[in-house]
Amino acid sequence: MSLANKLAEERRARLAAERLLEQKQAELHAANRKLGRHAMALSEEIVETRAEVQTVRDENARFRSDLSAANQKIQIAERRLWHSIETIQDGFAFFDADGRMIAANKAWLSVFDGLEEIRPGIAYVEILQIATEEGVVDIGQQDAAAWREAMLDRWQSPAPEAEIIRLWNGQYIKLIDQRGHGGDVVSLALNITDTVRYEEQLKDARRQAEAANKAKSSFLANMSHEIRTPMNGIVGMSELLMDTVLNEEQRLFADTIKSSGEALLVIINDVLDYSKIEAGKLDLHEEDFDLERCLYELVTLMQAGSRDKGVDLSVEYDMFLPGRFRGDPGRIRQVLTNLIGNAVKFTEAGHVIVRATGVQGADGMTELHVSIEDTGIGIPADKAKHIFGEFNQVDEARNRKFEGSGLGLAISQQLIGKMGGRIWVESEEGVGSTFGFTLTLPAAEALEAEDVHLPEGLRTVLVVDPQATRRAVLERQMGALGLSVTGAESGAAALAALPGAVDLVLTAHTMPEMDGMELAEAMRAAGHEMPVLVLSADPDVAEQDPARAHVQGVLPRPLQRSDIFAALRGLDGAFGPAMAGGGGRAMRVLAAEDNRTNRLVFSKMVAALDIELRFAGNGVEAVEGHHEFAPDLIFMDISMPEMDGKAATRCIREAEAKTGRHVPIVAMTAHAMGGDEADILAAGLDRYMTKPLSKAAITAEIAAACPAGVRPPGAGVQAAC
Ligand code: ADP
């Protein structure tokens, strides 16, 4: 090989070695850089971890200091609580679920008077044992073992009842134990000695007071009874004395003895009644009685006294209220006598009206309201309650001129209360008072629709009375019968009103200038022929009046409903078609309704109409009525006994198929459900009305059904016939 070749070879080898070195160096550099980066990441991680470790360490330290602070707080709270528990006067102890004492305050422990065994750790059962053995509790005659067993039973129950025990020293302790969720028991022992003693004293005082009151009542009852016998002798003998020949002075003396004796008897009777009620010896005697008669009798009796003062006393008895009820008539009369008597006594001018109304329930019971309204001296608002108390009067000075024991209202209130009712008063001083009571009594008889039957054609009444309240009462009563009413305050005013449509005149007898009889005479002279009824407090005198021939009847005052109805029945036929002003016969209406009250309401609603009304009490009677009475219109109740309204209508429609007639039948139903209507119409009824019925709706149905050639029903009926 040539040198040149060798050199070249060597150069190439060197160059290759240099390149290899260069390459290795580059690789080493890259590896170094990578290592550097890794080292950097590692050291960062270490720093971070270290910081974290520090944080955890810090937190740990803080937590530890918090814990000790909390512990401290708990200890303070516990100390305070225990301190409070120690301070309270009542006993306080805790027990664990096994019934072992955890702790007890001084008051609790003091009961055991320093006995060492009573300390935390002792079982409840042991405490009971010690309590009996050491005589800490006074268990009287009870057996100690039985007592302990009962006490332990109580203690072990989930919610022990409070228990009162008596200690050896006469103190009373009330034990209240509360079981917690884990079975722990908190036990409170309250010293209630003072309360128990006080209660005993109260009971004693009450026993004494009741005994004294009973003794007083029976003493009063006995004494009143004893006084009554000689008083009867005095009153009776003075009466006999007055029948003998006496000079005027002697007669005055005897009369005074008699009236004083009577006044004293009234007071003694009050006292006797009151004592009887107080002593619980008053019994009620129930029987059927006529409330309406009772009211009229009382008012008639008291009218003499009120008339002397110029006070008008009248009765307004609801036209549709039953007259007879079942109750204690004597006691009801007593209450009424007191209330009406007071009203008359405390009224110097104006009027006293006794009103009786009522709401009839479906069960045959009537909620009766009786009120007595006066225009007397009234009662100050702050005294309204007071006057129902015993011996209480509004004020001594004011009452000095009125006699009375102050017992009447107290007795009335007790009596009404005993009968299950309520008594009340509304009053305004100087204006007047209204006393009233409500009682729920069974009606002894229902008022029948026939009782309030009005003569055909009677629609309008003229009431003549100078006394405004009496006139108002009469107007309301006539209005309630469905009549249209006008009032006049004198004969002259009545004559001036007469050219208007008036079917009947009801007039007072005694009137200034022209009395009732003279009015009738003047009416006849002026050509007015309608019947006249005269009301008189003294009917015998009125009957003797020379103008009696001009009037159709004399009615006694106060006016009873039965007298009104009898007089009106007596006028049947007096209001003929000519007077009613229409031609043809009256329209015939049949109403099928099984309920008496509803019949009454129905008849009242159509009372003013010029129609002939007949009732059917069930479906069978309705079918018969349709056959015999040939009504122009039938009102049909749907639910009735024996045959209901739908069945009755089907029968009627079947019968009609032979005659070709079709009487309109209007259903009266209490149901207002959607499906019922279709059902009712399918039975052959033409229309239907839902209860409660309205006067306007009934009147409209009647007017709409009036056939040609029949007298229009009239009384404001708009529809043409
Ligand atoms: P007496 O009427 O015997 O005093 P009451 O118990 O009946 O006893 O009435 C108690 C008092 O109530 C009456 O004395 C009177 O002051 C008052 N009082 C009762 N009724 C009325 C009345 N209608 N108007 C005004 N005061 C009345």
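Atoms within each ligand, like the ligands themselves, are counted from 1 in listed order.
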Which bit of [X] gets closer than 4.0 Å to ligand 1, counting heavy atoms only: side chain, backbone, both or neither?
| X | value |
| --- | --- |
| Phe388 | neither |
| Leu409 | both |
| Leu407 | backbone |

Review point. Can you tell me if CD on Glu210 sees more than 12 non-hydrogen neighbours from other groups inside 6.0 Å?
Key: yes

Review point. For Glu489, does the CD atom have more than 12 heavy-atom neighbours from other residues, nucleotides or ligands under 6.0 Å away?
Key: no

Exercise for review: Decide whether Gln467 and Thr469 meet the rule of one side-chain donor and one side-chain acceptor closer than 3.5 Å.
Suggested key: yes

Practice item. May I ask you to say whether Arg331 pairs ionically with Asp273, meaning some side-chain N is under 4.0 Å from a carboxylate O? Key: yes

Review point. Hey, is Lys345 one of the residues with a heavy atom under 4.0 angstrom from ligand 1?
Key: yes

Check your understanding: Judged by non-hydrogen atoms, does Ser433 sit under 4.0 Å from ligand 1?
Key -> yes

Give the numbers and elements of all ligand 1 atoms closer than 4.0 Å to a heavy atom of [X].
| X | result |
| --- | --- |
| Gly408 | 5 (P), 6 (O), 7 (O), 8 (O) |
| Gly378 | 25 (C) |
| Ala343 | 23 (N) |

Check your understanding: Judging by distance only, is a nitrogen or oxygen of Phe346 under 3.5 angstrom from one on ligand 1?
Key -> no

Exercise for review: Sequence neighbours left out, what passes side-chain contact (heavy atoms from CB on, under 4.5 Å) with Arg548? Give chain and number order.
Suggested key: Met517, Glu543, Val551, Val554

Check your understanding: If you measure from atom 26 (N) of ligand 1 to every heavy atom of Thr375, Ile379, Asp270, which option wins on shortest distance?
Key -> Ile379

Exercise for review: I would like to know whether Glu316 and Arg355 meet salt bridge (charged side-chain N to carboxylate O under 4.0 Å, His left out); could you show each step before the answer?
Suggested key: CA-CA 5 Å; Glu316 184 174 343; Arg355 289 198 173 88; 3.1 Å; yes

Point to revise | Contact list for residues 194-204, test side-chain hydrogen bond (donor to acceptor under 3.5 Å, both in side chains), sequence neighbours left out | key: Asp204-Arg207

